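One structure is given below, encoded as structure tokens.
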Amino acid sequence: MSINLFDLTGKIALVTGSTHGLGMAMAKGLGMAGATIVVNGNSSQEKIDNAVAEYAKDGIKAFGSKFNVVNETEVKEAIAAIEKEIGYIDILINNAGIIKRSPLLEMEVADFKEVIDIDLVSPFIVSKHVVKRMIERGGGKIINICSMMSELGRDSVSAYAAAKGGLKMLTQSMATEWAKYNIQTNGIGPGYFATSQTAPIRVDGHPFNEFIISRTPAGRWGDPDDLQGAAIFLSSKASDFVNGHVIYVDGGILATIGKPYNE
Ligand code: GCO
């Protein structure tokens with residue numbers, strides 16, 4: 001008799017910011033493991049509809065839900081609509097995020113606050129309103145998308161690092177308060193991945209591009225699909241006693257001091 005601890009058949013997963021990039025890759029992973037995906041974005045309904053069509057092309061059952069993750073009223077209304085039209089949320093991935101690159105001395109307070117709002121406050125807002133039903137139903141899974149910047153500083157991304165550092169501790173706090181309801185809250189910390197967000201610093205000849213390739217023991221940028229394994233694990237029965245941890249999927253960056261460029 002074989003049981004598949006990673007099977008997500010019958011599960012409903014809300015993935016914020018899942019119309020593209022890392023969010024879409026992780027959501028597709030959950031979809032391939034059997035889950036129904038609620039695709040969230042806030043830019044345009046057309047972008048969400050196109051994404052839902054792309055999921056369907058891969059044979060994944062997906063529904064769109066356009067809402068602004070930092071607007072609590074929109075979040076509450078969206079969750080109520082999801083529950084009514086699709087079903088109760090079993091898995092939540094807080095992936096929606098932004099980055100604004102600027103030295104601290106030149107950063108506007110409004111920009112700093114916007115990064116904190118979307119990258120740190122919105123996981124709290126969305127989780128707070130999703131978890132209520134999970135508690136009633138006896139369990140659920142929450143995954144917060146952290147970053148190398150949850151552990152490391154880097155010039156020009158301080159607001160982002162402050163948010164991602166805070167998100168690591170919010171993850172541990174959620175685990176502390178909600179584990180007793182059979183809710184597992186964990187994080188995934190992507191290393192440097194080939195996405196639209198990193199495109200400006202991943203250009204051939206750009207010093208940061210060379211630096212990352214030499215700084216990463218795997219010797220490459222991550223492919224968004226490299227996150228699917230960790231996402232499926234933290235969404236499934238296989239992680240029922242895993243709580244408050246961040247899995248870093250980073251090609252080994254955090255494991256090493258790195259080596260000189262030309263070595
Ligand atoms: C940057 C990058 C990073 C990565 C990622 C690393 O400017 O340093 O954009 O923020 O996207 O978060 O884990």
Side-chain angles (χ1 to χ4, degrees), residues 15-27 29 41 43 69-70 93-108 111-123 143-172 186-231 233-234 245-258 261:
V15 182
T16 67
S18 51
T19 61
H20 66 288
L22 302 184
M24 176 175 264
M26 290 183 282
S43 48
V69 291
V70 292
I93 300 188
N94 289 306
N95 167 75
I98 62 165
I99 193 166
K100 289 183 183 271
R101 299 189 181 91
S102 155
L104 277 171
L105 283 174
E106 292 157 28
M107 188 163 223
E108 298 300 331
D111 289 335
F112 189 96
K113 284 184 173 175
E114 189 188 358
V115 172
I116 298 293
D117 258 355
I118 295 176
D119 295 2
L120 179 56
V121 180
S122 83
I143 304 171
N144 294 323
I145 304 309
C146 298
S147 160
M148 293 293 95
M149 274 73 226
S150 298
E151 304 285 346
L152 302 173
R154 177 171 108 72
D155 274 350
S156 80
V157 294
S158 303
Y160 181 83
K164 294 298 187 178
L167 187 55
K168 176 188 172 195
M169 285 316 301
L170 181 60
T171 301
Q172 287 180 225
N186 292 285
I188 292 175
Y192 279 85
F193 276 69
T195 64
S196 57
Q197 193 229 61
T198 58
I201 55 175
R202 189 166 34 83
V203 184
D204 278 347
H206 187 296
F208 196 77
N209 182 40
E210 317 304 323
F211 167 69
I212 285 299
I213 291 168
S214 81
R215 177 77 177 73
T216 307
R220 67 172 173 89
W221 288 76
D223 175 307
D225 292 358
D226 288 327
L227 294 174
Q228 293 179 334
F233 168 62
L234 292 176
H245 292 284
V246 177
I247 298 181
Y248 289 102
V249 183
D250 66 354
I253 286 183
L254 290 179
T256 180
I257 193 173
Y261 258 167

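Order of appearance sets the numbers: ligands from 1, and atoms from 1 within every ligand. Since we're looking at a predicted model, the values are computed, not measured.
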Which of the ligand 1 atoms, numbered from 1, are nearer than 4.0 Å to a heavy atom of [X]:
{"X": "Met149", "value": "10 (O)"}
{"X": "Met148", "value": "6 (C), 13 (O)"}
{"X": "Val157", "value": "7 (O)"}
{"X": "Ser147", "value": "5 (C), 6 (C), 12 (O), 13 (O)"}

I'd like to check [X] versus [Y] (side-chain heavy atoms, cut-off strictly below 4.5 Å). Are they in contact?
{"X": "Arg101", "Y": "Ile201", "answer": "yes"}
{"X": "Phe233", "Y": "Ile247", "answer": "yes"}
{"X": "His20", "Y": "Ser196", "answer": "yes"}
{"X": "Thr216", "Y": "Asp250", "answer": "no"}

Got an N/O contact under 3.5 Å between [X] and ligand 1?
{"X": "Pro190", "answer": "yes"}
{"X": "Thr198", "answer": "no"}
{"X": "Ile99", "answer": "no"}
{"X": "Gly191", "answer": "yes"}

Of all the non-hydrogen atoms in the protein, which one sits nearest to atom 10 (O) of ligand 1, and at what distance?
-> Tyr160 CE2, 3.1 Å
Atom 2 (C) of ligand 1: the protein heavy-atom neighbour that sits closest, reported with distance to 0.1 Å = Tyr192 CE2, 3.5 Å
Check the side chains of Asn94 and Thr16 for a donor-acceptor pair under 3.5 angstrom, ignoring hydrogens and angles.
-> no
What donor-acceptor contacts under 3.5 angstrom involve side-chain atoms of residues 148-158, with partners at least two apart or in another chain?
residue : atom : partner : partner atom : Å
Ser150  : OG   : Ser147  : N            : 3.1
Ser150  : OG   : Ser147  : O            : 3.2
Ser150  : OG   : Lys164  : O            : 2.8
Glu151  : OE2  : Lys168  : NZ           : 3.0
Glu151  : OE2  : Tyr248  : OH           : 2.7

Specify whether Phe208 and His206 have parallel, tilted or perpendicular ring planes, treating 30° as the upper limit for parallel and 60° as the lower limit for perpendicular.
-> perpendicular
Before accepting this row, confirm whether a basic side-chain N of the pair Lys100/Asp119 lies closer than 4.0 Å to the acidic partner's carboxylate O.
-> no
Considering only heavy atoms, which of Lys100, Arg154, Arg101, Gln197 lies nearest to atom 8 (O) of ligand 1?
-> Arg154
Record the part of Ile201 in heavy-atom contact with ligand 1 below 4.0 Å; permitted values are side chain, backbone, both and neither.
-> side chain
